Amino acid sequence: MSQINRLAEGGLINRSKRLKFSFDGKEFEGFEGDTLASALIANGVSLFGRSFKYHRPRGVLTAGSEEPNALVELRSGNRLEPNTRATTIELFDGLAANSQNRWPSLDIDVLSINSLMAPLLTAGFYYKTFMWPASFWEKIYEPAIRRAAGLGKPPEGFDPDHYEKSFAHCDVLVIGAGPAGISAALAAGRAGAQVILCDEGPRLGGRLLSDKEYINDKPALDWVRDSTLELENLANIRILRRTTVFGIYDHGVYGAIERVSDHMAIPREFSPRQRSYRIITKRAILCSGAIERTMVFGDNDRPGIMLGSAVRTYVNQYAAIPGKRGVVVTSSNDGLSTVETLKKNGVQVDAIVDTRNGDMIQHALGGKRVQAVQIIDKNGKTREVECDLVSISNGWNPSLHLTCHLGSRPVWDENKNAFLPGKLPSGLAVAGAAQGRFSLQEALYDGIRTGNEAAELAGFDPKQFETPSAEPEIFDHRPIWRIKASKGKRFVDFQHDVTDLDIELANREGFKSVEHMKRYTTLGMATDQGKTANVAGLAILGEVSNRTISEVGTTIFRPPYTPVTLGALAGHHKHHEFRPTRLTPSHKWASERGAVFVETGLWMRAQYFPKYSGENWLDAMIREVKGTREAAGVCDVSTLGKIDIQGEDAAVFLDRIYTGTFSTLPIGRVRYGLMLREDGFVFDDGTTARLGEKHFLMTTTTAGAAKVMAHLEFCHQVLWPELNIAFTSVTEQWAQYSIAGPNARAVLETLIDPNIDISNDSFSYMACKSITICGNIPARLFRISFSGELAYEIGVPNRYGDALIRALMDVGKKYGLIPYGLEALTTMRIEKGHVAGGELNGQTTPRDLGLNKMVSQKKDCIGKHLSERPALLEKNRPILVGLKSISGKSNLSAGAHFLDIGSNPSLDNDLGHMTSTTYSPTLNCWIGLGLLKNGRERLGGTIRAVDFMRKTDVLVEICDPIFVDINGERLRG
Amino acid sequence: MESVYVANFVLDPTSALDPFLVNRRHDKEIDNAGVTIKEERKFLFLSLTAFKNNYEELSDVIFSEYGITLPKYGKISRSSQINLINIAPGQWLIYSFDNPISNFLSIIEPIVGNLGAIVDLSDARAIIKISGPKVRDTLAKGVSIDLHPRKFTPDRAVSTFAAQLGMTIWQSEDGLTFYISVFRAFGYSLLNWLITSASEFGYNIEI
Amino acid sequence: MRIPCPFCGERDLQEYSFLGEAGLKRPDPEASDAQKQFHDYVHIRKNTAGTTSELWLHTYGCRSWIVVQRNTLTHEIFSSEFASDTLKELTK
């Protein structure tokens, strides 16, 4: 068909597989093995996009992931991917891509008018403009900037693909599968080490795929093919293709991203789109090669101007010629090889500009494509040469980005005219071009040497074998950083449209440090991290500030090396699987019952049980509270932490960590326990039962369970290792239900085995014992009450949890037993003035909560001393009171602040805040608990509760925090 | 109100995953499944913590009763009746899957006596066993520990954090089956993660 | 980061919880200036940029409290031991 620039033969493409694709709506054909860039080039396309600021026409500069220009929008709908590099997209049948950052079309982009605004859009313009008038910022400037900013647009909906993450372990990780990487993997693999070999691309070979080199006097591709076969057949070698190692982290952890399905229209069933890896290894070898440098001259960004190495890649690997009439510009020997490559494949080379002879390229003419170049020779004579392709070779920058990730800075090498890796992360070795050893022979040699060394350090026996031989190479490279006497814009960072003048401006304005220059000009801050721009940028900075490159130094790279999609870092953990879900023993039963659930940490707890579909939470809660206080209610309280404590010193230990005394607790009794942090503030509370002489069962709040366990272990292992004691978490061992209300005892007696007496005389308030139910099923019974009613908690081994709730609801029917959820539980505890989350906020002391009597004065405990700091004993510290809505109707908000009537809302006049609120079905009005300055002295008074967020300002009466049954008669009945 | 004991009210036990598997649409048996997943439903699982200075004595008592030593350094000891996993210094899990002895707690408590603390955790865990050629590849998706057979041998157990769950992992003696134990309430989350991770390899869930 | 546990071996950071500086001794509650001593014990820290001694809990592993010598600038870890002598004894 119309692949006008496709060579008839050659290349590593599969000509038997034709693929159809579209770019900006236009249909094209290519072959399997093409990238989007190579296929478009083969079709004669040279215009790929418009630049970020000035909307200049741009073409492909490179053939790799360092590409700054050819960023396209790939796919559509919810699979849309902006800013994808056309040079790395593997072509598939039906691929649809669009150019970005242009309107209405790539060809005619109205916004290219920005070019005219260039003098105003120089570096740092946004620090100097859009300042005045201040009012314009919100309404005019910001919206305009927001519309114009950014490159590409994101998809609107959820990504239909799934992503994965995984771990991998090995003895040696080889990063990059060019000649150095292949050699290293062979060496380590032959020695028997477990090797993982990663390469960005779909095939092994690196530069050998693009340059016609020879190994052992045969075409290098033969060596690649044979080596690949050997590597694939070694069981201890794992090859990860299409996998970029994007970061190095502490202690031998490497991040990698595998593009599992990007080269297909949609992923295979059950296959992820991409997979991220954390690879853990003690030894890694960086064989990432090098990236070629371009030159800075007038209008050096015209489409058709490419790196020499890219030209050779397109011609040799993809059989696509990027132009018909070329000019080759070089400052080193390897650049000259492009001449031969072009000529051999029918491309006219009308000029060779070797800057070492004093010839310079001054200016590139053309618009949507380069049309000619202006060359100046060492005598000052200029001439114009017509062309549609310009190849630039200006030396190489080792791809040492990963070596910086742990903070070390690269070091400039005068001889190689390149930055080389500085201090290497522990366990990392570098081979070949990444270490500034640019020849093929050095790559092969380095690979074998580092592979053997790594295998040996891992405890294996390296095999001896000969290093393959390659042609000796002399580079004789003398870099040209900028050709100043040229017309037109001289671009340094293509993706961010940063020119040499921007660097000069930064320097003039005092941003001389390379770190400042980077941020002020944004050079190197685009998605390509300035891979083709940084070194030229700091060389120019050095030139205008009279410093050597070494003196200017370089900024450091941070992970990721190339962008990583967030989905691959999350993997399975999104939507409902974002965190694991913890389900209570009654969960299934509660769902069948239509309960509405609420998340409490990872737990799903029943919030309320609507009697009919659509009953709202308030009506349900009122019904549940009334039902419980009038007859009986059952609630799943399994989520509270339960810790089994045994040992000689169990009692002594409890005395040290609780404010109260537990060594005096008789067997078969339960006591409320208050736990402080060492700084004196309340940490957690719960009840602890004594099951035996040396056996206690502690409970904690749901949210505090893990923290308390860690605290107990800290106190034991770090503070008092001499104590003889053992802790075991049994939160999950017991399904626990609270049964409360006047009929609670009757309900229980239907299930508790007959020989067990739980009458008030035998089993009074705060008693506990082991019992059996339903014919010898072991259970534990505790007579404790959070609701203030006659109440028990019954625990059974969790396997019976589901059966027990069903049994209770069955037998309880005739006693009016109803289920109640968290909403009703909370209401009842507020009615009883029990402190919970809102009050135990980490800023309250026992005294603040009116629990001073719980603090024994006869012994020390964790937090005792600091709870008595002078400031915490001050008279006007906010203390716990109850609040009642005076009008009875208005909602009280938790978080509302207390102010005297008529006083100005200010910090000085702030008297405290509301900690918990609820509608009380028992009192028929809104009530709350709060912390109020001089609270106890103000009982009976009135105060305002103000919430500016929810816009409420309510009058409340200050009262005792216990609203219901203040003498606790119902508890003890 | 007068109460009347309801005789013969039977409480049927359920396993951690029972409530969720009963209504699941089970995947058809597939040939060449990469993994087979099954819940271990009836098991004995106790925690044993040696009291200070009683370690040697406890070791002797266990050996004389069961013929196996208390393992150290995260290892597993196996006898015909019980298996011991050392999960922390001075702490073991006692487990038995095949024919777990009922009332085991009342048998072992007097044997251990004052030498250590025994706590029944048989209801506190969900245990899933997973086997098949792709077990390690499946688990590698969340487990950061090297499970390669030369590193993770059948005499070892590890407690770790994987797929956002605290879990203990070990193998059967023949190395063919992996056991994963998590807090009971997380059983369903564990199953979901295993299924997602195994989906590319094909899996069978055995009820 | 990967932290070595004296019982479990080297493990991923996710398995651990960090507390803070190690080596602080809980003051004697009977001391005459106990409150001042407790204040320093709870609030005053050296906050070294460099090698420090830290308390970590191996939350999802063996649940041992360990003392780790680590350089806070380079993250290099030099040693890791049980905080409790009893545990040290048990693993001899």
Side-chain angles (χ1 to χ4, degrees), chain A residues 167 169 248-254 278 280-282 405-408 423 425-427 647 649 656 676-681 706-707 709-729 857-873, chain C residues 1-4 9-14 16-44 54-60 62-67 70-77 81-90:
Chain A
F167 288 91
H169 296 258
I248 298 188
Y249 304 91
D250 290 304
H251 306 135
V253 177
Y254 295 78
R278 293 241 290 269
I280 298 163
T281 178
K282 290 267 172 281
H405 287 175
L406 295 184
S408 93
K423 180 166 183 295
S426 159
D649 297 320
R656 293 187 191 179
L676 307 183
R677 295 193 311 240
E678 196 73 276
D679 66 355
F681 293 99
K707 283 190 309 184
M709 188 72 184
H711 174 65
L712 297 183
E713 285 165 331
F714 170 80
C715 292
H716 179 216
Q717 293 179 36
V718 181
L719 296 184
W720 310 305
E722 69 279 4
L723 293 182
N724 202 348
I725 187 166
F727 313 103
T728 315
S729 164
Q857 293 305 322
K858 298 199 198 120
K859 63 170 178 76
D860 179 52
C861 69
I862 300 275
K864 178 102 184 327
H865 270 291
L866 293 186
S867 72
E868 291 162 354
R869 285 180 275 172
L872 297 179
L873 299 176
Chain C
M1 256 202 322
R2 291 175 65 78
I3 299 178
E10 195 186 77
R11 295 292 182 90
D12 194 88
L13 181 65
Q14 289 188 333
Y16 296 90
S17 311
F18 175 71
L19 181 66
E21 198 176 303
L24 302 165
K25 196 166 172 317
R26 188 169 191 267
D28 175 8
E30 306 292 320
S32 55
D33 62 340
Q35 200 174 88
K36 161 95 182 43
Q37 283 194 43
F38 267 99
H39 174 271
D40 291 349
Y41 166 67
V42 169
H43 296 114
I44 307 298
E54 308 175 323
L55 271 170
W56 291 81
L57 169 64
H58 196 182
T59 315
Y60 292 104
C62 59
R63 297 198 70 86
S64 300
W65 277 93
I66 59 178
V67 176
R70 184 179 73 99
N71 184 310
T72 58
L73 298 173
T74 63
H75 295 178
E76 194 180 345
I77 292 178
E81 291 180 338
F82 292 113
S84 155
D85 289 328
T86 312
L87 293 186
K88 282 184 194 160
E89 281 298 313
L90 277 171

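Values in this document were obtained by computation on a predicted structure and should not be read as measured data. So you know, we letter chains A, B, ... as the sequences are listed, proteins then strands, and number each from 1. We use all heavy atoms of the structure for the numbers below, so side chains are in, but hydrogens, waters and symmetry mates are not.
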Part of [X] lying under 4.5 Å from any heavy atom of chain C:
{"X": "A:L723", "result": "neither"}
{"X": "A:R677", "result": "neither"}
{"X": "A:C715", "result": "neither"}
{"X": "A:F714", "result": "both"}

Q: Quick one: which of A:L406, A:D679, A:V718, A:L866 has the most heavy-atom pairs under 4.5 Å with chain C, could you say?
A: A:L866

Q: Name the region of C:F82, side chain, backbone, both or neither, that has any atom closer than 4.5 Å to a heavy atom of chain A.
A: neither

(Q) Given heavy-atom pairs under 4.5 angstrom as the criterion, report whether the side chain, backbone, both or neither of C:L55 touches chain A. (A) side chain

Q. Just how far is it from atom CD1 of A:I862 to atom CG of A:L676, taken to the nearest 0.5 Å?
A. 9.0 Å

Q. Picking from C:S17, C:A22, C:S64, which has the most non-hydrogen pairs under 4.5 angstrom with chain A?
A. C:S64

Q: Return the minimal non-hydrogen interatomic distance between C:T72 and C:H75, and the atom names on each side.
A: O-CD2, 3.7 Å

Q) Would you find a donor on one side and an acceptor on the other, under 3.5 Å apart, between the side chain of A:Q717 and the backbone of C:W65? A) yes

Q: With sequence neighbours left out, write down each residue that passes ring pair (Phe, Tyr, Trp, His ring centres under 6.0 Å) with A:F167, or none if nothing qualifies.
A: none

Q: Apply ring pair (Phe, Tyr, Trp, His ring centres under 6.0 Å) to C:H39 and list each qualifying residue two or more places apart in sequence or on a separate chain.
A: C:H43

Q) How are the rings of C:Y16 and C:W56 set relative to one another: parallel (under 30°), tilted (30 to 60°) or perpendicular (over 60°)? A) perpendicular

